[in-house]
Amino acid sequence: MTMVAECHELEVLEGAHETIKTFKPRLALNVYHSGYALVKLPELLLELNNNYNPYLRHYVPGWAETVLYGRWRTGFAESSFDRSNLHNF
């Protein structure tokens, strides 16, 4: 699922909660609109399902065009992700 929601990624992700839980899509979310989104989107993704493996990619210098990807982990228990390290994400 690719999303360009122009500053509304959090709301769209929250609204897609059941779809994400049921179908476990790969996700690509723009996070360069605000520092808040950069922190909150990975947290929300993990709240929706702990089996996502979130990672960031930058396509230009700086944080413009920064994308958060979420890929489903296979072979992990539901509680396998250590959230205490999320601030180092």
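Every side chain to side chain contact (heavy atoms under 4.5 Å, CB included) that Lys40 has, sequence neighbours left out, goes to Leu10, Tyr36, Glu43, Glu47. His58 pairs by the side chain to side chain contact (heavy atoms under 4.5 Å, CB included) definition with Thr66, not counting sequence neighbours. Looking at residues two or more places apart in sequence or on another chain, you find a side chain to side chain contact (heavy atoms under 4.5 Å, CB included) between Glu65 and Tyr32, Tyr59, Val60. With sequence neighbours excluded, the residues forming a side chain to side chain contact (heavy atoms under 4.5 Å, CB included) with Glu6 are Val4, His33, listed by chain and number.
Val31 has its side chain out of reach of Glu9: every pair of non-hydrogen atoms, C-beta onward, lies at least 4.5 Å apart. Using a 4.5 Å heavy-atom cutoff, the side chains of Leu56 and Tyr69 are not in contact. Within the 4.5 Å cutoff, the side chain of Tyr52 has no heavy atoms near those of the Arg71 side chain.
Minimum heavy-atom separation, Pro42 to Ala37: CD-O, 3.9 Å. Annotation for Pro54 and Leu46: closest pair CD-CD2, 4.1 Å, computed over non-hydrogen atoms.
Note: Thr22 OG1 to His17 NE2 = 8.5 Å, rounded to the nearest 0.5 Å. Remark: Leu44 CG to Leu48 CG distance equals 4.5 Å, nearest 0.5 Å. Between the CD1 atom of Ile20 and the CD atom of Glu14 there is a distance of 10.0 Å, given to the nearest 0.5 Å.
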Practice item. Test side-chain contact (heavy atoms from CB on, under 4.5 Å) on Leu27 and Leu13 and set out the steps. Key: CA-CA 10 Å; Leu27 300 169; Leu13 196 59; 4.3 Å; yes
(message) Run the side-chain contact (heavy atoms from CB on, under 4.5 Å) test on Tyr55 and Leu68 for me, step by step, so that the C-alpha distance in whole Å, both residues' side-chain angles and the decisive distance to 0.1 Å come before the verdict.
(response) CA-CA 6 Å; Tyr55 61 97; Leu68 169 69; over 6 Å; no
